[in-house]
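These figures come from a predicted structure and were not determined experimentally.
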Amino acid sequence: LKKYDVLELLPETYATAAIAFNNIYEQHHMPEDKKFCLDCCDKSLNKSKDYGEAFAVKLEVYAIDYVKAFDDAEKQKSKEELKRIFHELKVSRSNYLHIDTLSRLYIDRNVKNLKVYIDELEKICCDEMLYIKEKACINIVSNPGEMKRDESKNLFFKLLTESSNANKNM
């Protein structure tokens, strides 16, 4: 991808590259991997403004930074970036963004080395996570076609049955 930057790629291709570099970044914590990962996310979002996978990867990158921070100042900077991303999610009018973002986070929660970061994201941004979970449920219920998609249906039932860190009564 670095070599062929002149090619026009699909948003999904950029998001797939971001996922790969997110995994590399998690393992080695090298700034150039983080930069390339976030660049791929941004290119994906430039082509498809409501592509939730790219937002999910960005959340994971800054959750990794938060967990691996050297000191409280670095933690605070990472948390601020997380809040900015959640703000973008909150102001979006997309019916699919929250669903797709959560679907990717749930997929990655099953990846052993990423689970710790997604669990930490739930703890440090519990109100924001609760908001996108509620928004995803509302969007699934409000759009009849969404319950026909297996991904949305599975997410909906998962959200209804999980014991959220943000709200034990959810």
Are the side chains of [X] and [Y] in touch, meaning some heavy atoms are under 4.5 Å apart?
| X | Y | result |
| --- | --- | --- |
| Glu80 | Tyr62 | no |
| Glu128 | Lys133 | no |
| Lys47 | Lys43 | no |
| Met30 | Phe21 | no |
| Val111 | Ile118 | no |

Subject >> Rounded distance (nearest 0.5 Å) linking atom SG of Cys40 with atom NZ of Lys35 >> reply: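 If I round to the nearest 0.5 Å, the distance is 10.0 Å.
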Original post:
When rounded to the nearest 0.5 angstrom, what distance separates CG in Leu59 from CD1 in Ile64?
Top reply: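 Atom-to-atom, Leu59:CG and Ile64:CD1 are 11.0 Å apart.
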For the side chain of [X] and the backbone of [Y], is there at least one donor-acceptor N/O pair under 3.5 Å apart?
| X | Y | answer |
| --- | --- | --- |
| His98 | Asn139 | no |
| Thr101 | Leu97 | yes |
| Asp71 | Ala73 | yes |

Between [Y] and [X], is there a salt bridge with N-O shorter than 4.0 Å?
| X | Y | result |
| --- | --- | --- |
| Asp119 | Lys115 | yes |
| Asp65 | Lys34 | yes |
| Glu74 | Lys77 | no |
| Glu88 | Arg84 | no |
| Lys49 | Asp100 | no |
| Asp50 | Arg93 | no |

Original post:
Is atom NE2 of His29 surrounded by more than 12 heavy atoms (other residues, nucleotides or ligands) closer than 6.0 Å?
Top reply: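 For His29, atom NE2 is crowded (more than 12 foreign heavy atoms under 6.0 Å).
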Between [X] and [Y], which heavy-atom pair has the shortest distance, and what is it?
| X | Y | answer |
| --- | --- | --- |
| Cys41 | Ala54 | SG-O, 3.5 Å |
| Asp42 | Lys58 | OD1-NZ, 2.8 Å |
| Val57 | Cys37 | CG1-SG, 3.6 Å |
| Leu159 | Cys137 | CD1-SG, 3.7 Å |
| Ser103 | Leu155 | OG-CD2, 3.7 Å |
| Ile132 | Leu102 | O-CD1, 3.5 Å |

**OP:** Determine whether the side chains of Glu120 and Tyr66 contain a donor N or O and an acceptor N or O closer than 3.5 Å.
**Re:**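 Side chains of Glu120 and Tyr66: no pair found under 3.5 Å.
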Original post:
Under 3.5 Å, is there a donor-acceptor pair linking the side chains of Glu162 and Tyr106?
Top reply: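 Checked: Glu162/Tyr106 side chains pair up, N/O donor to acceptor below 3.5 Å.
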Original post:
Who are the side chain to side chain contact (heavy atoms under 4.5 Å, CB included) partners of Ile107, not counting sequence neighbours?
Top reply: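 With sequence neighbours excluded, Ile107 shows a side chain to side chain contact (heavy atoms under 4.5 Å, CB included) to Arg104, given in chain and number order.
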